[in-house]
Amino acid sequence: VQLQASGGGLVQAGGSLRLSCAASGRTIRSYAMGWFRQAPGEEREFVAVISRTGGSTYLPDSVKGRFTISKNFAENTVYLQMNSLKPEDTAVYFCATANSAHFPPPTYDYWGQGTQVTVSS
């Protein structure tokens, strides 16, 4: 299983970015998919998760209302649309897939390499 994250970059506060996570070796229709982020010196933080079918999502309060997670089954890709970005959103963003019957999944088994998001004030 390989997860290729892309779409990061430098954006001003208030701007938007859309991250992509292209999966190979595993069909996203069969697994929950999540996004996490990690800022320098900080612990990894959960950002969003979407269920196998795409019918359910869960996001923490820190990004709820600003971020949206979605699946494109035809492209076997998960997206994270990030709007109203803040400097505190600056981090490396990782996508991951979970092989779990529970939602939100308690653990994730495969991780992508990460993409850098930098929000300037």
Side-chain angles (χ1 to χ4, degrees):
V1 177
Q2 290 189 327
L3 303 175
Q4 182 70 41
S6 61
L10 174 64
V11 64
Q12 288 188 331
S16 298
L17 282 174
R18 188 180 76 159
L19 305 184
S20 302
C21 176
S24 59
R26 174 173 283 186
T27 176
I28 65 172
R29 187 183 295 276
S30 300
Y31 300 91
M33 301 288 295
W35 285 96
F36 293 77
R37 65 188 180 186
Q38 187 166 21
E42 301 290 332
E43 292 188 354
R44 187 172 61 197
E45 178 187 12
F46 164 74
V47 175
V49 64
I50 188 166
S51 64
R52 294 181 296 110
T53 64
S56 297
T57 62
Y58 178 75
L59 296 87
D61 289 343
S62 58
V63 304
K64 192 178 296 182
R66 300 188 297 122
F67 292 9
T68 304
I69 186 171
S70 62
K71 282 184 170 181
N72 184 316
F73 295 115
E75 297 179 355
N76 211 41
T77 299
V78 177
Y79 295 101
L80 184 68
Q81 177 67 43
M82 306 186 296
N83 299 327
S84 302
L85 282 162
K86 305 175 181 180
E88 51 264 44
D89 294 319
T90 295
V92 177
Y93 283 69
F94 301 88
C95 60
T97 179
N99 185 9
S100 173
H102 301 284
F103 186 81
T107 58
Y108 293 77
D109 52 357
Y110 290 97
W111 295 79
Q113 85 291 356
T115 184
Q116 176 70 48
V117 171
T118 303
V119 185
S120 63
S121 57

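Only this structure's heavy atoms are used, side chains among them; waters, hydrogens and symmetry mates stay out.
Using a distance-only test at 3.5 Å, with no hydrogens or angles considered, no donor-acceptor pair links the side chain of Lys71 to the main chain of Ala32. The main-chain N or O of Ala5 is found under 3.5 Å from a side-chain atom of Gln113 such that the two form a donor-acceptor pair. Using modelled atom types, no side-chain atom of Asn76 and backbone atom of Arg29 make a donor-acceptor pair closer than 3.5 Å.
Distance check: Asn99 CG to Arg52 CZ gives 10.5 Å after rounding to the nearest 0.5 Å. To the nearest 0.5 Å, atom OH of residue Tyr108 and atom OG of residue Ser100 are 9.0 Å apart. The distance from atom OG1 of Thr97 to atom CE of Met33, rounded to the nearest 0.5 Å, is 4.5 Å. Distance check: Glu75 CD to Ile28 CD1 gives 9.0 Å after rounding to the nearest 0.5 Å.
Follow the hydrophobic side-chain contacts under 4.5 Å out from Met82 and you reach Leu59 in the same cluster. Put simply, Phe46 and Val92 are part of the same group of oily side chains (I, L, V, M, F, W, Y) that touch within less than 4.5 Å, one to the next. Linking ILVMFWY side-chain heavy atoms closer than 4.5 Å, directly or via other members, places Leu80 and Leu10 in two distinct hydrophobic clusters. Linking ILVMFWY residues whenever their side-chain heavy atoms come closer than 4.5 Å, directly or via other members, leaves Val63 and Tyr79 in distinct clusters. Hydrophobic clustering of Ile, Leu, Val, Met, Phe, Trp and Tyr side chains at less than 4.5 Å, counting indirect connections, keeps Tyr93 apart from Phe36.
Proximity of the aromatic rings of Trp35 and Phe67 is defined here by a centroid distance below 6.0 angstrom, and this criterion is not met. Outside the 6.0 Å centre-distance limit, the rings of Tyr31 and Tyr110 are not counted as a close aromatic pair.
In this structure, the side chains of Leu3 and Trp111 stay at 4.5 Å or more apart for every pair of heavy atoms.
Within a 6.0 Å sphere centred on CD of Gln2, heavy atoms belonging to other residues, nucleotides or ligands number 12 at most.
Here the closest non-hydrogen pair linking Gly25 and Val1 is O-CG2, 3.7 Å. Counting all heavy atoms, side chain and backbone alike, Phe103 lies closest to Ser51 at CE1-N, 3.4 Å. Contact detail for Ile50 and Val78: the closest heavy-atom pair is CG2-CG1, 4.4 Å. What you find for Ser16 and Ser84 is that their closest heavy atoms are OG-N, 4.3 Å. Closest of all the heavy-atom pairs between Val49 and Pro105 is CG2-CD, 3.7 Å. Nearest heavy-atom pair, Ser62 versus Arg37, reported as atom, atom and distance to 0.1 Å: OG-NH2, 4.2 Å.
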After noting the C-alpha distance and the side-chain angles of Thr90 and Gln116, does the key distance pass the side-chain contact (heavy atoms from CB on, under 4.5 Å) rule?
CA-CA 8 Å; Thr90 295; Gln116 176 70 48; 4.1 Å; yes
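For the salt bridge (charged side-chain N to carboxylate O under 4.0 Å, His left out) condition, no pair includes a residue of residues 2-11, sequence neighbours left out.
Here Asp89 does not pair with Lys86 in a salt bridge; the nearest charged N to carboxylate O distance is not below 4.0 Å.
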